[in-house]
J.: 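A single structure is presented below for examination.
Order of appearance sets the numbers: ligands from 1, and atoms from 1 within every ligand.
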Amino acid sequence: MRIDIITVLPEILESSLNCSILKRAQEKGLVEIYLHNLRDYSADKHRRVDDYPFGGQAGMVLQCEPIDRAISSLKAQREYDEVIYTSPDGETFNQSIANRLSLFQNIIILCGHYKGIDYRLREHLITREISIGDYVLTGGELAAAVMSDAIVRLIPGAIGDEQSALSDSFQDHLLAPPVYTRPAEYRGWTVPEILLSGHEAKIRDWELQQSMERTRRLRPDLL
Ligand code: ADE
């Protein structure tokens, strides 16, 4: 899979995309992630990519031309399954969107900034608009990092124990069961006995009951 991220602030993304699981997935050749500085596509001598909005509102808007150039130059090299724009007014990102995006070959993520991008780009070039939640960030870079992380860890081979991606919270519309590790007793706090019993089937059953109980209590909307 290949993810191309277009942004005015690549430095926000660099560290998060080059550590831990995302770094390893790239080293293993499971995913290629490229950051493109939108200013590199500006025709302006000061590398400007924004301008004042028509209509006189406050704030700045990312212009059509540099974004069109950046997307067109990528599209000239390969086909893209989706050109995603990160925006608080997009559809809300969730595990099933991550699952579907992880199956794609090539995606572009365009990070919004300032007041957003010229609306004509949304009408003509963007194929999908995604928000990571009902709050407003200063830009779409953190949203792009969140989405990339959630997508890449689903690519087979990206995480050591593939079972563990399948047993994540949300993967089956249930929250994950509680987990414990050694020691079995700490400050008098004990681990549920069933987990120490070695009885595989009973343990799986207990985990399912716990998942259902936690989902009912904490996220009944998922059921
Ligand atoms: N840009 C600003 N806020 C955002 C959000 N909540 N999701 C995605 N992109 C954003």
Side-chain angles (χ1 to χ4, degrees), residues 1-19 21-22 31 33-42 47-55 57-71 74 80-104 106-155 168-171 218-219 221-222:
M1 179 182 195
R2 176 179 170 124
I3 305 176
D4 286 283
I5 302 176
I6 304 170
T7 166
V8 287
L9 285 170
E11 52 276 33
I12 295 185
L13 286 148
E14 264 150 23
S15 59
S16 67
L17 298 177
N18 290 309
C19 301
I21 286 170
L22 271 77
V31 64
I33 306 179
Y34 295 95
L35 297 176
H36 306 275
N37 190 331
L38 185 61
R39 295 187 192 284
D40 294 343
Y41 297 88
S42 170
R47 289 161 55 82
R48 197 172 162 180
V49 291
D50 60 345
D51 210 333
Y52 294 98
F54 284 125
Q57 307 96 314
M60 302 299 275
V61 176
L62 289 173
Q63 294 173 292
C64 282
E65 193 185 3
I67 292 175
D68 183 20
R69 282 195 190 192
I71 293 175
L74 290 170
Y80 283 89
D81 300 290
E82 209 80 91
V83 181
I84 298 165
Y85 170 55
T86 59
S87 170
D89 54 11
E91 62 180 317
T92 309
F93 191 63
N94 59 25
Q95 192 65 35
S96 58
I97 297 176
N99 287 342
R100 266 179 276 134
L101 294 179
S102 75
L103 301 173
F104 286 147
N106 302 311
I107 61 172
I108 292 175
I109 304 179
L110 169 66
C111 302
H113 223 80
Y114 313 117
K115 273 275 166 218
I117 59 173
D118 189 303
Y119 201 79
R120 289 166 288 184
L121 295 159
R122 298 172 70 167
E123 291 171 322
H124 298 286
L125 292 183
I126 301 300
T127 61
R128 193 159 191 175
E129 304 186 334
I130 298 182
S131 161
I132 58 162
D134 287 344
Y135 40 81
V136 180
L137 302 165
T138 50
E141 287 73 20
L142 294 175
V146 165
M147 291 194 290
S148 301
D149 186 299
I151 292 166
V152 170
R153 62 189 298 287
L154 292 168
I155 299 173
D168 286 337
S169 279
F170 303 113
Q171 203 55 268
L218 302 169
R219 292 294 307 276
D221 55 301
L222 293 175

J.: Tell me, which protein residue and heavy-atom name are nearest atom 6 (N) of ligand 1, and how many Å apart are they?
T.: Y135 O, 2.8 Å
J.: Is the closest heavy atom of G112 to ligand 1 under 4.0 Å?
T.: no
J.: Non-hydrogen atoms of G139 versus ligand 1: any pair closer than 4.0 Å?
T.: yes
J.: As an exercise, identify every atom of ligand 1 less than 4.0 angstrom from a heavy atom of V136.
T.: 3 (N)
J.: Looking at Y52, I'd like to know if its OH atom is crowded, meaning that more than 12 non-hydrogen atoms belonging to other residues, nucleotides or ligands lie closer than 6.0 Å.
T.: no
J.: Starting from atom 9 (N) of ligand 1, locate the nearest protein heavy atom and write down its residue, its atom name and how far away it is, to 0.1 Å.
T.: S87 N, 3.3 Å
J.: Side chains of I151 and V31: does their closest heavy-atom pair fall under 4.5 Å?
T.: no
J.: For I132, is at least one N or O under 3.5 Å away from an N or O on ligand 1?
T.: yes
J.: Are side-chain heavy atoms of L137 and Y135 found at a separation under 4.5 Å?
T.: yes
J.: Output yes when a side-chain donor or acceptor of D4 lies under 3.5 Å from a complementary backbone atom of I108, and no otherwise.
T.: no
J.: Side-chain contact, heavy-atom cut-off 4.5 Å: S87 with R122?
T.: yes
J.: Say whether L137, considering both its backbone and side-chain N or O atoms, lies within less than 3.5 Å of an N or O atom on ligand 1.
T.: yes
J.: Specify side chain, backbone, both or neither for I130, according to which of its non-hydrogen atoms lie closer than 4.0 Å to ligand 1.
T.: backbone
J.: Tell me the protein heavy atom at minimum distance from atom 8 (C) of ligand 1, and give that distance in Å.
T.: A143 CB, 3.4 Å
J.: Mind checking the CD1-OG1 spacing from I130 to T86? Nearest 0.5 Å is all I need.
T.: 9.0 Å
J.: Just how far is it from atom CG of D50 to atom NZ of K115, taken to the nearest 0.5 Å?
T.: 13.5 Å
J.: So which heavy atom in the protein is nearest atom 1 (N) of ligand 1, and how far is it from that ligand atom?
T.: P88 CD, 3.6 Å
